[in-house]
Amino acid sequence: MLLNIKNLHVAIDGKEIIKGLNLGINYGEVHAIMGPNGTGKSTLAAAITGREGYEITEGEIWYKGENIVEMEPDERANKGIFLSFQYPVEIPGVSMTNFMRTAVNAKREYNGQAPISAAEFLKLMEEKKKLVDMHAKLTNRSVNEGFSGGEKKRNEIFQMAMLEPTLAILDETDSGLDIDALKIVARGVNQLRSDKNAFLIITHYQRLLEYIVPDFVHVLYDGRIVKSGGKNLALELEEKGYEWLKEYSLA
Amino acid sequence: MANIVEQHTLPLDELLMQQFREQRSLITAHDLPAITSLRDKHFADFEQNGFPHNQLEKWRFSRITDLLDETFEHSLQPEDVKNKNLSEMFRCEVHNFNTEIISVLNGWYYDTNGGYHVSEEGVIVSGLRTAMKQFPDLVEKHFGTIANSEHNTFVSINTALVQDGVFIYVPDNVQVPRTLQILKLIDRTGPHFVQNRNLIVIGRNSHLSLMHCDDSINHHTSLINTVTEVLVQENASLEIYKLQNLNDNSGLVNSTFIRQLADSNVKTVALTFNGGYIRNNVQSFLDGRGAHADIMGLYLMDKEQHVDNQVRVMHNQPHCTSNELFKGILDDEATAVFNGYIYVARDAQKTNAYQNNRNILLKPTAVVDTMPFLEIYADDVKCSHGATIGQLDEDAMFYLRSRGISKANARLLLMYAFAADIVNVIEIEPLRVRIDDMVKKRLRGELSVCENCVLHCSTPEKDYHFDIDYSKI
Amino acid sequence: MATDSNEILEQVTQSEYKYGFYTDIETEFAPKGLDENTIRYISAKKEEPEWMLEFRLKAFRHWQQLPEPEWAHLHYPKIDYQDAYYYAAPKPKKELQSLDEVDPELLETFNKLGISLEEQKRLAGVAVDAVIDSVSVKTTFQDTLAKHGIIFCSFSEAVRNHPELVRKYMGTVVPYTDNFFAALNSAVFSDGSFVYIPKGVRCPLELSTYFRINAANTGQFERTLIVADEGSYVSYMEGCTAPMRDENQLHAAIVEIITLDNAEVKYSTVQNWYPGDKDGNGGIYNFVTKRGLCKGRNSKISWTQVETGSAITWKYPSCVLMGDNSVGEFYSVAVTNHFQQADTGTKMIHIGKNTRSTIISKGISAGRSNNSYRGLVKILPGATNARNFSQCDSLLLGDQCGAHTFPYIEAKNESSIVEHEATTSKISEDQLFYCNQRGIDTEKAIGLIVNGYAKEVLNKLPMEFAVEAQKLLSISLEGSVG
């Protein structure tokens, strides 16, 4: 199993958000996590990637055979965990090219490889840019600075393609995207899908799942997974809304 | 009169010192003991430093030396007002604006009700001299605790010699319904040095709005040295509107010290329309978490008028916010100085502080000196400042003129729009309408210092209508 | 995590000073202390003409009347001006036969600093004047430059060989009466560089002076004069280092630049004097007066500085924009950490019509340091249509440092437009986490973000300097791609 989360409890400022969550993901699988706002979806992504301020009070996160809860965020990233941010931050003055080369080399260094040559790197960039129809100009700009909402999301998928993660977490990647951008993002993800990696897609709506078809759908409610099923569960949620789930959380 | 020192050969500072030494018993006659010792301390400071000279960093752009070079009188006793019709003098009838007027003539508090007034809720309005007798505990507890004489020995000489002023006390949990209006008039035949001392204490969860009007009635030279100390306690709020409309021979040094405790909210707006030499010192001490200060100013100066706004905001505690905005339009040979100073103490994390000074120069002879300073010792803060000096926007001018508006009117409109940012922060509607009107008149050059109060009520004005959509310019 | 990032911050900001070695060379000193005899000694050592000695003595007498300035946001113990040597020169082992011959130990010193004085080993694009303590030891590529009529030599050489140019321009931009440290420098300056670019010549090489303090208890007082005649252009770079010592050493330099009609001078500095140790012991007091005069129409002076060294920096490279349409620029990155203090900025004095100036200042404070921007923009009545834009940003790394901004704007012309903006911020946790999530560790991430923050200024440096500056800002690979 690639990722195995056991009885996870996460608190922010002492307030418990995730209250005993269990989730297993195998290589080659695509899992979707759905649920209403404020139930802990983004908190789960933050806990897996090791964001500061998200305190794991109980439970374990096993990834590639290690419990990673004490690991620094950059080490987790270098082990192949990638987060596509819901709100990518702007870093003025740092060009995308420079940023990506630093990241790619950090990973290579971690794996005991020599730094990538400039020529090779530029070639890699060109290749991956095509995947998400990214304008050449965007990579000359500073990280996310002046990017539109759609450009930021495409940039996240571009970075995912560059870093070739084993576990990719897409946090609300569909929010703020029009249908064309959504299709481009989905196409990028689908091309990267293989039996050597896995995806965890966090979303509020079923829309994205029409283009990235999940193997499993989980419903997160009040810090727990209250229902799991196949891709049809997403359709069912779309139809019925989330209200009917209350009884599960009370149970 | 024996208690007036007239300057013949000695400079003003030496005369005041002589007055202190020779008439100390008269000066301290109404004092609480703590105040007498405070006077001695401040007098020693003044003896050592004198008035600020032109080489001092904080005074070199507002040279006060020439102004001090006059034959001033300084009186230690109130004058006889039997022959003056005070109620007529202090009449102020702004439409729909219901205020309680506090009259101060030549630095002395006047009241027909025996010198003080206590409302049902316990709100005290009194002369300072009377307050020392009637409310000694309150005065002793707060007097001199907020003001300081750093870079400003006008505070020293004020503390040493001052005889009267206004005392306002609002107990906890009182929302004072009417705006209090301090009307200060100068009506003297000869050059006069006038000192005032105001002490304002606002209790927890209380609210007060205050107008502070400085006016002169005739065209004689005067130099006014006002010191105001304000304590705003937890969760209380205060609005202060300062109106300054003095004759061109007048000098005003107005030092306001405001100490804010946790979650308090203070807004000060200084509206300077006329005055020969005006120096506003505002120091705001944000001494409790969550305190907020808005410090605003508008100055519209012409001829050889001079205005200087020195604003110091001390972020001493975390989670406080402050917002400074000063705008000015300068015509003729007018000069303006702005020196903002945001200080963020170590550990005053999560501070948000903004500072902005914008100026428009209308004539080649007008001068602006602006110094927006930041001194920051905490890292988790958002501080920014900006300053601009420029002219009316040419594109906007063209836009207006292409709609058939005359050049003169277009200019007026743009200046008016520029000033509106400040006028619009006035929360009391009838006052805002009135000030708005005054700005229009001032910009038309029709408002010079009026013969009565600053609100110019004795000659009702026709309304000015500008039927332009300002959002387009 | 918060403590972690603090630790990493410390590591980032506590890298060792690499140039702290001392070269054991025999040195000749003037007697300790400062009086008229010291000045006569210096002047005699340099075999100066009478007019130069007179200039020094006038400056000295004026200096004696002056109080030390106290207005800067700096705190340091009173300097004992009698407790220092005002002249120190490496003693030649033998009479040198030609200017091309340099003591091998000195060559080695400069090699260790990464400055080769052997022309064939240098990058072809740069000519260097190397100054150690009080004297210039070598100026490279003089012949190549002479072919274009360009004079690039030590100041002493210029006094000997080009007295008419020195007398015409020296002290015209920074008179000895200018300030306390300028007066001191004018009295005791020992060497420096002189540059003259003739009419219409675009200098084919980057000119560069490398300053090295070596001897103990010594002040360094150099003087640089750059004259760009009509229609000429030169890019000039300046670098500096000093050994690590517990004591403070004084560096009080003067730089004067004059540009005539249509001339342009670009002056870049990477200032890396020894900053003192992490407890604030030792380090250079860097009290420098730099000023350029845009005398001619359409002339331009551009200052770029990367300030990372010195215990105390007091420095305001300025432009006097006298010629109509002249342009002044100031781009600065100032980094302070440990107990360093910097009070630096610029003055833009607009005198001519249509003069323009731009100020971009980026302050970065770490440790327990204090970093102040102090700038003056002055628009005089004749400066019709003058324009200034200033942006002064501060970045705080840690909660024990200070970042301050003291802009002075004086406008005396109604047609001028002056804009000033400033912000103060820290590196956001969001930015750090974003980098971490991409596998970049916090140390590298800080380097990356700081570099991005300073990029606008670093881009203004000549290529060769930019690399050094980026390293100084603990940056890994900015600029190598993309």
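All chains are named by letter (A, B, ...) in the order of the sequence lines, taking the proteins before the strands, and each is independently numbered beginning at 1.
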Flag if over 12 foreign heavy atoms under 6.0 Å of CG, B:Asp347:
no
Does any backbone or side-chain atom of B:Gln355 lie under 4.5 Å from a heavy atom of chain C? Answer side chain, backbone, both or neither.
neither
Between B:Arg346 and C:Gly402 the two heavy atoms that sit nearest each other are NH2-N, 4.1 Å
Residue C:Pro407 versus chain B: region with a heavy atom under 4.5 Å
both
Do you know which of B:Lys382, B:Arg358, B:Glu57 has the most heavy-atom pairs under 4.5 Å to chain C?
B:Glu57
Count the heavy-atom pairs under 4.5 Å between each of B:Ser384, B:Gly390, B:Ala366, B:Ala353 and chain C, then report the option with the highest count.
B:Ser384
Could you check which of C:Leu396, C:Thr405, C:Thr424 has the highest count of heavy-atom pairs closer than 4.5 Å to chain B?
C:Thr405
I need the contact set between residues 277-293 of chain B and chain C: heavy-atom distance under 4.5 Å, sorted by residue number.
none
Least distance between heavy atoms, B:Asp369 atom then C:Glu410 atom
OD1-CG, 2.7 Å
Among B:Asn359, B:Thr370, B:Thr388, B:Leu330, which residue has the highest count of heavy-atom pairs closer than 4.5 Å to chain C?
B:Thr370
Please determine whether the number of non-hydrogen atoms from other residues, nucleotides or ligands lying under 6.0 Å from atom NZ of C:Lys347 exceeds 12.
no
Work out which heavy atom in B:Gln391 is nearest to a heavy atom in C:Ser415; give both atom names and the distance.
NE2-C, 3.1 Å
Does any heavy atom of chain B fall under 4.5 Å from the side chain of C:Asn370, the backbone, both, or neither of them?
side chain
Close contacts, residues 372-381 of chain B versus chain C, judged by heavy atoms under 4.5 Å:
B:Pro372, B:Phe373, B:Leu374, B:Glu375, B:Ile376, B:Tyr377, B:Ala378, B:Asp379, B:Asp380, B:Val381
Does NZ belonging to C:Lys378 count more than 12 external heavy atoms closer than 6.0 Å?
no
Ring-plane angle category for C:Tyr408 and B:Phe61, please: parallel below 30°, perpendicular beyond 60°, tilted otherwise.
tilted
For B:Tyr341, is it the side chain, the backbone, both or neither that has a heavy atom under 4.5 Å from a heavy atom of chain C?
side chain
